[in-house]
Structures are given as C-alpha cells and as structure tokens.
Amino acid sequence: MSRSTMPSTPPAPKTRSRRPAGEVVLGVDTHRDAHVAAVLSVMGTVLATDEFPATAAGYRDLLKWARKSGAVRRAGVEGTGSYGASLSRYLLAQGIDVFDVNRMDRADRRRRGKSDPLDAQNAARAVLSGRARARRKRATGRCRSRECTKSRRCRPSKRARRPSISSSPS
C-alpha cells in the first residue's frame, strides 16, 4: 500500500502587507522647535500621533509617516502664519490642501484638557467637521514678501531702521 506523503512543515502563513486605508486627515500643532502631528480617518478615529522636528527634513518625515496611514489630501495646521508657515508651504507644494486652524476656545480647552497630541487631533477634527474653512494660500511673489515684512525674522532690527544722526558741522 502506498501512503500519501505530507510535508513535514506547514506552509508559511501569508503575510498581509498593510495597505493605506483610503483618505486620512492630518492635524498639526506647531511649535518653534518641533511639531506634533496626528492622523485621523475620515470617520474621526485617531490612527497615529507623533512628534517631528521643525526642519525641512522633519517636514519630509512627517508627510512620509502620515502617508503610511492613507492618502493625505487635507491638513489642519495651527499657526500657519507663524511657526507653521514653513510646514504649510511644504504641504502646499506637495499638493495637500492646508487649512488654518484656530485654537480651541478656553472653555473647551479647560473641559477637554490641554496637550499637544490633543491639539493636533483637534486640528484634524476641525478640518473634518468643516470648522476650519480658511485655506492657506500659496505664499509666493508679493504675498510672500508681504508675509515676510510682517514677520519679525525678516525685518531689520530697530537699530538698522533708525535713521542715523550725523554729527557733521554745518
């Protein structure tokens, strides 16, 4: 009689690669040295939260990290005119709609608590709910130069702006 032979080791389980789960929304709480980001599904579920340096390399890492969770088409950024300006310009250059998100009102912050990850999640939620309607414009040309003159970093110091008083005899 012949016996059918079975392999001695079971077949390896099929590994399922993690695929992005459709569209996600990015929320960012900006600071001078680091930005805290949160990725939410379109249903409002928090998928991930992390912190990134406020540098060009940090912006690239942030977007690469967010895209692992899904297609990023919209982002809510707190402070697009100050600490988040560079990040906003980078995201716009990558084809992402950037919305300027205001901080929560004080009563809401007291009720829910204050933390950077919560602020990043709330920025994304503001985009999802439609509360954040102010789209960040592409700051180029005259608009960018106007933004730069408002910024303290681009303005000359008071000493440089002060007219020099010459003590030459007349």
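What you see below is based on every heavy atom in this structure, not just the backbone, and it leaves out hydrogens, waters and symmetry mates. Since this is a predicted model, take the numbers as computed values, not measurements.
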Give me the atom names and distance for the closest heavy-atom approach of [X] to [Y].
X: A123; Y: G76; answer: CB-O, 3.6 Å
X: A126; Y: V101; answer: CB-CG1, 4.0 Å
X: L47; Y: S69; answer: CD1-CB, 4.1 Å

Could you give the distance from [atom1] ([X]) to [atom2] ([Y]), rounded to the nearest 0.5 Å?
X: L91; Y: L62; atom1: CG; atom2: CG; answer: 7.0 Å
X: E51; Y: H31; atom1: CD; atom2: NE2; answer: 7.5 Å
X: F52; Y: H35; atom1: CZ; atom2: NE2; answer: 11.0 Å
X: L118; Y: N122; atom1: CG; atom2: CG; answer: 6.0 Å
X: L87; Y: L63; atom1: CG; atom2: CG; answer: 9.0 Å
X: R74; Y: E23; atom1: CZ; atom2: CD; answer: 4.5 Å

Kindly say whether E78 contributes a backbone atom to a donor-acceptor pair with the side chain of T30 at under 3.5 angstrom?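 Yes, T30 side chain to E78 backbone: donor-acceptor pair under 3.5 Å.
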Short side-chain to backbone donor-acceptor contact, S88 and G84, under 3.5 Å: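 Present.
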A side-chain contact here means heavy atoms from C-beta on lying under 4.5 Å apart; do V36 and D119 qualify? no
[X] and [Y]: same hydrophobic cluster, using ILVMFWY side-chain contacts below 4.5 Å?
X: L40; Y: F99; result: yes
X: I96; Y: W65; result: yes
X: V24; Y: Y90; result: yes

So which of V77, L26, V28 actually passes side-chain contact (heavy atoms from CB on, under 4.5 Å) with V98? V77
One pair to check against side-chain contact (heavy atoms from CB on, under 4.5 Å): R67 and Q94. What are the steps and the verdict? CA-CA 12 Å; R67 285 182 169 156; Q94 299 302 312; 4.2 Å; yes
